[in-house]
Amino acid sequence: MDAMQLALDEARAAAARAEVPVGAVVLGPDGAVLARAGNETEARCDASAHAEMLALRAAAARIGSPRLVGCTLVVTLEPCPMCAAAAAHFRVGRVVFGAYDPKGGGVEHGPRIFEGPGSLHRPEVVGGVRESEAAALLRAFFVTRR
């Protein structure tokens, strides 16, 4: 199963828990899954409990290093500025995301964290992977809440 499919599965599980449907997976340099997570901001009463943050922290704990050099972060939605900055701090080699986020994104939109002069690290970025499927999950979730 591909990593974006795993991330989409995590997003669906998050939606089932009444969390915003975002899922993330961290792959090691060899492509093995190190960690996966869905949003848990509501359950943890923690605004920083985004899928990316949870997956990055778990992957770092698993390998025993705060740096995820050569690893790939796969996420269903363009990372927000907080998560993009975390990816830079964790030194991930690559960020792959599904849906673009013109309003809250921090990679291709908003502050474009990796392009800033103060960015500690600039990973390779691939956006729009299974974009329509990821965006449809988000739209369906918010339709019931507006």
Side-chain angles (χ1 to χ4, degrees), residues 1-17 19-44 46-142:
M1 185 175 291
D2 73 88
M4 185 57 79
Q5 181 60 53
L6 294 174
L8 288 163
D9 292 347
E10 289 292 338
R12 286 185 191 91
R17 298 188 306 269
E19 300 276 0
V20 175
V22 177
V25 173
V26 177
L27 302 174
D30 63 354
V33 174
L34 295 177
R36 55 192 281 186
N39 274 355
E40 293 185 22
T41 58
E42 300 300 327
R44 294 180 185 226
D46 179 356
S48 72
H50 289 193
E52 301 97 306
M53 299 295 286
L54 299 174
L56 288 166
R57 290 173 182 152
R62 181 167 178 187
I63 66 169
S65 172
R67 286 166 291 287
L68 299 172
V69 177
C71 292
T72 299
L73 171 64
V74 179
V75 60
T76 58
L77 179 65
E78 176 183 350
C80 72
M82 173 183 69
C83 294
H89 280 271
F90 278 100
R91 308 293 200 274
V92 298
R94 188 172 183 212
V95 175
V96 176
F97 66 86
Y100 290 87
D101 188 355
K103 184 177 176 184
V107 176
E108 299 288 335
H109 296 90
R112 299 176 188 249
I113 295 296
F114 305 136
E115 295 176 18
S119 183
L120 299 171
H121 175 72
R122 290 176 176 84
E124 174 189 354
V125 175
V126 178
V129 176
R130 295 179 70 174
E131 177 183 6
S132 59
E133 189 174 352
L137 279 173
L138 288 158
R139 275 193 305 278
F141 179 81
F142 286 112

Are Val20 and Glu42 close enough, and set up right, to give a side chain to side chain contact (heavy atoms under 4.5 Å, CB included), and what steps lead you there? CA-CA 9 Å; Val20 175; Glu42 300 300 327; over 6 Å; no
Go through it in stages, so that I can follow the logic: the residues are Leu73 and Phe90, the test is side chain to side chain contact (heavy atoms under 4.5 Å, CB included), and I'd like the CA-CA distance, side-chain angles, deciding distance and then a yes or no. CA-CA 10 Å; Leu73 171 64; Phe90 278 100; over 6 Å; no
Using the rule given for side chain to side chain contact (heavy atoms under 4.5 Å, CB included), can you reason through Arg62 versus Val26, listing the C-alpha separation, both sets of side-chain angles and the distance that settles it, and then say yes or no? CA-CA 11 Å; Arg62 181 167 178 187; Val26 177; over 6 Å; no
Decide yes or no on salt bridge (charged side-chain N to carboxylate O under 4.0 Å, His left out) for Arg44 and Glu19, but give the supporting numbers first. CA-CA 11 Å; Arg44 294 180 185 226; Glu19 300 276 0; over 6 Å; no
Side chain to side chain contact (heavy atoms under 4.5 Å, CB included) between Glu40 and Arg17, worked out: CA-CA 9 Å; Glu40 293 185 22; Arg17 298 188 306 269; 3.9 Å; yes
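Between the OG atom of Ser132 and the CG atom of Leu137 there is a distance of 10.0 Å, given to the nearest 0.5 Å. Rounding to the nearest 0.5 Å gives a distance of 13.0 Å between CE of Met4 and CD of Glu10. His121 contributes atom NE2, which lies 10.0 Å from atom CG of Leu68 (distance to the nearest 0.5 angstrom). Put simply, SG on Cys83 and CG on Leu56 are 7.5 Å apart, with the number rounded to the nearest 0.5 Å. Summarising the geometry, atom CG belonging to Leu27 is positioned 7.5 Å from atom CG belonging to Leu34; distances are rounded to the nearest 0.5 Å.
Smallest separation of non-hydrogen atoms from Gly104 and Pro81: O-CD, 3.3 Å. A pairwise comparison of heavy atoms in Ser48 and Arg57 identifies OG-NH2, 3.8 Å as the closest pair. In terms of heavy-atom proximity, Ile63 sits nearest to Arg67 at CD1-O, 3.7 Å. Looking at every heavy atom in both residues, Ala51 comes nearest to Ala37 through CB-O, 3.5 Å. When all heavy atoms are compared, the tightest approach of Ala87 to Phe114 is CB-CZ, 4.2 Å. The two residues Phe97 and Val125 have their closest heavy-atom pair at CE2-CG1, 3.8 Å.
With Glu78 contributing its side chain and Glu108 its backbone, the two residues share a donor-acceptor pair below 3.5 Å. Under a 3.5 Å cut-off, the side chain of Asn39 and the backbone N or O of Pro21 do not form any donor-acceptor pair. The main-chain N or O of Leu8 is never found under 3.5 Å from a side-chain atom of Thr76 such that the two would form a donor-acceptor pair.
For Arg122, the CZ atom counts as densely surrounded, since its 6.0 Å shell holds more than 12 non-hydrogen atoms of other residues, nucleotides or ligands.
Residues His109 and Asp101 are not in side-chain contact: their nearest non-hydrogen atoms beyond the backbone lie 4.5 Å or more apart. Here the side chains of Arg130 and Gln5 are in contact, with some heavy-atom distance below 4.5 Å. A 4.5 Å side-chain heavy-atom check between Arg36 and Asp9 finds at least one atom pair inside the cut-off.
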